Every structure is written in structure tokens, then in C-alpha cells.
K.L.:
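A single structure is presented below for examination.
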Amino acid sequence: MDKIKMTTPLVEMDGDEMTRILWQWIKDILICPYVDLKTEYYDLGLKKREETKDQITVDSAEAAKKYGVAVKCATITPNAARVEEYNLSEMWKSPNGTIRAILDGTVFRTPILVKGITPYIPTWTKPITIARHAYGDVYKNTEMVVKAGGKAELVYTDKDGKETRQLIHDFKGDGIIQGLHNRDESIEGFARSCFNYALDRKQDLWFASKDTISKLYDHRFKDIFQEIFDNEYKEKFEAAGITYFYTLIDDAVARVIRSNGGYIWACKNYDGDVMSDMVSTAYGSLAMMTSVLVSPSGNYEYEAAHGTVQRHYYKYLKGEETSTNSVATIFAWSGALRKRGELDNLPDLCKYADALEAATIQTIEDGVMTGDLYMLSTLENKRKVNSKEFLEEIGSRLAAQLQ
């Protein structure tokens with residue numbers, strides 16, 4: 001068959017360790033035989049980020065704004081051990097945090113359900129989508145270690161130079177300080193992204209924070225969501241037969257555990273980070289979850305929601321066999337290619353993306369899977385395969401679907 005043509009490039013953000021290996025195999029085995037792939041390539045591997053003093057991460061985000069659709073591999077966010085391991089000049093910030101700060105918007109993460117893998121919470125018969133605000137809070141924090149005998153103050157200087165001060169703490173002993181912020185404009189974009197996504201999916205939307213404790217910061221989120229809903233979306237939700245409601249995050253956790261799924265749960269940045277990991281793990285595997293950043297201006301960045309699988313990478317470097325789950329990375333590619341096809345009116349590209357996802361799910365439901373899923377699956381005739389064999393098995397089913 002002739003390769004499917006693309007008219008506009010995807011922004012391709014390569015990554016680190018085992019996921020970087022899988023990234024290339026996915027392209028070689030599943031994409032390039034069928035798609036005349038056009039990408040603007042950015043190497044976000046830690047060595048290149050060090051070499052460019054992290055400018056390449058900023059450049060990749062700006063490219064995503066230019067072209068509208070990006071696909072990202074998992075990347076290392078260095079800690080002290082990584083600084084030593086990679087001989088870094090500084091502890092570079094999370095690439096995801098940098099990209100999300102530039103693109104703004106909301107990260108939507110949804111579990112991928114397959115036959116034979118029952119969630120740890122068996123009542124979850126439908127996916128729960130976590131909508132995570134992608135700007136501010138702890139991911140844009142300012143931190144300081146302080147010594148005893150001083151005081152910390154929150155100081156705001158207005159445009160006329162007038163200061164407003166508020167005591168944080170009078171330190172009798174050593175301690176630490178952390179400053180967080182957010183912007184009304186970003187919270188408004190978060191709210192509208194969530195409301196629009198709920199309408200697209202025709203699913204109920206929850207929003208949860210802790211306004212009883214954070215009476216200004218979290219309450220600001222609550223108020224902005226409610227105002228936008230009442231003024232812009234209430235009638236649309238009623239017409240679609242779906243609901244929106246706000247609740248405290250501790251109440252939301254209790255509701256989630258008792259639910260059947262099938263709704264969107266909107267969370268602030270840190271809450272969404274933690275809750276998406278909890279939800280994905282309870283459904284079976286971090287590698288079985290789609291993740292897309294949707295910006296208010298209509299840009300999309302698709303990624304895997306998990307890390308770089310460091311342990312498997314070290315085994316790979318030793319020549320040892322690995323059985324690494326590549327499903328989330330495959331779905332990042334399929335999501336990006338489908339969105340590119342939708343935006344550029346390329347139905348064949350959309351059909352290819354659908355076929356790639358269907359072949360991936362079929363492979364697992366046929367009993368062929370990586371080690372993490374093999375341990376979870378209740379299928380009788382299941383077979384564990386290594387990382388590359390899994391992609392080749394998907395490839396054979398994809399080829400059959402595209403004939």
C-alpha cells in the first residue's frame with residue numbers, strides 16, 4: 001500500500017532511557033511502514049538538555065504552539081542522584097512542567113481498558129478521566145531553606161510600588177519556605193477546557209479542591225469554575241444531559257472509590273498528578289493510560305503518563321531481555337496522528353490511528369502481552385513476550401487490519 005501522506009509536521013519530543021528505545025522501535029515497526037511521517041524533531045534526552053542549558057525544551061514547546069500538535073516521549077526529571085549520574089551543571093526542571101507552563105491548559109488522562117484485566121476496584125466498569133490543571137502550584141514554586149531567628153513574610157508589591165505584607169512564620173528553629181502562585185487567566189482556561197471536554201465526551205464533570213482550608217487560593221478555583229459554568233455552560237450541560245458539581249477533594253476520593261466510573265474528575269495540578277497515578281494503577285497499569293495536554297488556544301501535546309523505565313533500561317544496556325509495556329507510548333503516537341489528521345482533514349491518517357489502537361488492544365486480548373500485564377491478566381491462554389516481540393505482534397495485527 002502507498003504510505004499515508006501528511007501535510008503538516010508533528011512536533012516530536014524524544015526522551016530518555018527505555019522509553020527512548022521503545023520510541024524508535026514504535027516508529028520503525030508500527031508507523032513508518034504505513035505513514036510518510038513528517039515531524040519537527042527535538043531531542044529532550046537529558047544529555048541534550050544539559051548541552052543546551054534546557055533551551056531545547058523551551059524550543060520544543062514553542063514549536064508545539066506553532067504546529068498545534070506534539071507527541072512526547074517520557075523524560076527524566078533529575079534529582080541529586082541524576083545530577084551525579086549524568087554530570088549535570090544543575091538540577092534541570094521537569095520538561096513536562098516547562099512545556100505545560102508555556103502551553104498552559106489541562107492534561108486529560110484516561111485508562112485504557114482491555115478484556116482480562118479487572119481493576120483493583122471491581123466496580124470501576126467504565127474509565128475515569130482525570131483532568132489535571134497544567135500550570136502553577138508546586139510545579140512553579142519558589143523554595144528557600146532558612147535558619148533560626150528570622151521571619152518569613154509574603155510580600156506583594158503593586159504596580160504603584162505599594163507593598164502588602166503578611167507574616168508566614170517566625171522561625172525559632174531552622175526550616176523551609178515554599179511560595180506558590182496561579183493566574184486567573186490560566187484557571188479560566190482550565191475550567192473551559194474541562195467543560196468543553198465533558199460536552200465532547202457527554203460525561204459528568206466533577207471539580208474538587210480544599211477550599212475549607214485554603215480559603216483564598218483554592219476558593220479562587222472554585223469560584224472561577226462556578227462563574228464560568230453558570231454564565232457559559234449551564235444550559236449546554238442541561239441540553240446534553242450531564243452535570244457539573246464541586247466537592248471537597250476528600251469527599252471526591254470517597255465518591256470515586258464507590259463509583260462505577262464514566263466521568264471526568266478535574267483536579268488542581270498536584271492533586272491531578274497524584275490522583276491520575278492512583279487511578280491508573282487501580283485500573284491495572286500506569287502504562288495503560290492515555291494522556292493529552294489541551295491548551296486554551298487549541299494546541300495538543302500527547303504523551304505517556306509514566307516514567308522512563310530506568311530499571312529496564314539498565315537491563316537493556318547489559319544485553320538482557322526486557323518485557324516493557326509500550327501501550328501508553330503507542331497511544332501517544334496514535335492520538336497525535338489522529339489529531340493531526342482531524343486538523344488537516346486527512347481521514348486516512350485518522351483511520352490509521354484507529355487501526356493502530358485496535359491492533360494494540362487486540363494483541364493483549366489475544367493473550368499476547370508484556371510482563372506487567374501478564375501478572376494481571378485473567379485470560380487462560382496468555383503468553384508473555386519481550387519488549388520488541390510485543391510491538392511485532394501488534395505490527396502483524398495492524399498489517400491485517402490495513403489490508
Side-chain angles (χ1 to χ4, degrees), residues 54 57-58 61 77-80 90-109 130-147 150-159 162-171 173-194 206-228 246-253 265-278 291 293-296 301 305:
D54 209 31
T57 308
V58 175
T77 298
N79 55 17
E90 64 178 270
M91 197 180 299
W92 302 109
K93 291 185 177 181
S94 159
N96 288 339
T98 299
I99 293 165
R100 290 167 189 162
I102 293 171
L103 295 181
D104 208 343
T106 304
V107 178
F108 294 94
R109 290 181 171 171
I130 299 290
R132 173 187 172 188
H133 189 208
Y135 177 83
D137 300 344
V138 70
Y139 302 88
K140 291 285 287 183
N141 79 83
T142 301
E143 301 175 316
M144 187 183 298
V145 177
V146 297
K147 294 296 183 181
K151 65 178 180 179
E153 294 180 304
L154 191 62
V155 181
Y156 175 74
T157 307
D158 69 18
K159 61 183 179 181
K162 180 182 177 182
E163 289 186 352
T164 302
R165 291 176 173 266
Q166 186 172 326
L167 179 67
I168 298 172
H169 189 70
D170 194 350
F171 283 89
D174 296 350
I176 51 175
I177 311 166
Q178 183 179 75
L180 309 181
H181 80 279
N182 228 294
R183 300 178 293 112
D184 282 2
E185 181 184 16
S186 181
I187 300 169
E188 291 163 3
F190 173 38
R192 289 190 176 93
S193 293
C194 291
W206 307 3
F207 175 54
S209 70
K210 194 70 173 177
D211 67 290
T212 52
I213 302 301
S214 178
K215 297 182 186 297
L216 293 180
Y217 195 101
D218 281 24
H219 214 295
R220 187 72 159 183
F221 279 79
K222 176 184 177 182
D223 290 345
I224 287 174
F225 261 74
Q226 194 64 52
E227 181 180 350
I228 290 176
Y246 172 83
T247 188
L248 291 172
I249 192 159
D250 18 5
D251 176 57
V253 169
W265 178 13
C267 298
K268 290 167 52 204
N269 206 345
Y270 177 76
D271 296 340
D273 190 359
V274 175
M275 294 305 169
S276 64
D277 283 352
M278 182 271 288
S291 182
L293 170 67
V294 183
S295 79
E301 184 237 337

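Reckoned from all heavy atoms, side chains included, excluding hydrogens, waters and symmetry mates. Since the structure is predicted, the reported quantities are computational estimates derived from the model, not experimental observations. Counting from 1, the numbers follow the sequence of the chain as shown.
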K.L.:
When rounded to the nearest 0.5 angstrom, what distance separates CG in N269 from CG in L180?
P.N.:
10.5 Å
K.L.:
Rounded to the nearest 0.5 Å, how far does OG1 of T247 lie from CG of D211?
P.N.:
9.5 Å
K.L.:
Can you confirm whether T164 sits close enough to D158 that some side-chain heavy atom of one is under 4.5 Å from a side-chain heavy atom of the other?
P.N.:
no
K.L.:
Hey, what do you get for CG (D104) to OG (S186), rounding to the nearest 0.5 Å?
P.N.:
3.5 Å
K.L.:
Are the side chains of Y246 and L248 in touch, meaning some heavy atoms are under 4.5 Å apart?
P.N.:
yes
K.L.:
Please check if the side chain of S276 supplies one atom and the backbone of D273 the other of a donor-acceptor pair under 3.5 Å.
P.N.:
yes
K.L.:
If we only count heavy atoms from C-beta on, is the R132 to C267 side-chain gap below 4.5 Å?
P.N.:
no
K.L.:
Give the minimum heavy-atom separation between L103 and S295, together with the two atoms involved.
P.N.:
O-CB, 3.1 Å
K.L.:
Does OH in Y270 sit with more than 12 non-hydrogen atoms of other residues, nucleotides or ligands closer than 6.0 Å?
P.N.:
no
K.L.:
Are there more than 12 heavy atoms of other residues, nucleotides or ligands under 6.0 Å from atom CD of Q166?
P.N.:
no
K.L.:
Distance check, rounded to the nearest 0.5 Å: K210 atom NZ versus K268 atom NZ?
P.N.:
11.5 Å
K.L.:
Mind listing the closest non-hydrogen atom pair of I224 and E188 along with its distance?
P.N.:
CG2-CG, 3.7 Å
K.L.:
Under 6.0 Å between ring centres: does that hold for Y217 and H181?
P.N.:
no
K.L.:
If you look at every heavy atom in V58 and T98, which pair is closest and at what distance?
P.N.:
CG2-CG2, 4.2 Å
K.L.:
So, the side chain of K215 versus the backbone of T212: is there a donor-acceptor pair under 3.5 Å, distance only?
P.N.:
yes
K.L.:
Output the distance between atom CZ (R220) and atom CG (N182), rounded to the nearest 0.5 Å.
P.N.:
10.5 Å
K.L.:
On a heavy-atom basis, which atom in K140 and which in A101 lie closest, and how many Å separate them?
P.N.:
CD-CB, 4.1 Å
K.L.:
When you compare the side chain of H133 with that of D271, does any pair of heavy atoms fall below 4.5 Å?
P.N.:
no
K.L.:
Nearest 0.5 angstrom please: T106 OG1 to R100 CZ, how far?
P.N.:
11.0 Å
K.L.:
Please find the pair of heavy atoms, one from S291 and one from R109, that lie closest to each other, and give the distance.
P.N.:
OG-NE, 2.9 Å
K.L.:
Check this for me: E153, atom CD, are more than 12 non-hydrogen atoms of other residues, nucleotides or ligands nearer than 6.0 Å?
P.N.:
yes
K.L.:
Over all heavy atoms of both residues, which pair between L167 and A152 is shortest? Give the atoms and the distance, please.
P.N.:
CD1-O, 3.4 Å
K.L.:
F190 and ring-ring contact (aromatic ring centres under 6.0 Å, His included): which partner among Y135, F108, F225?
P.N.:
F225
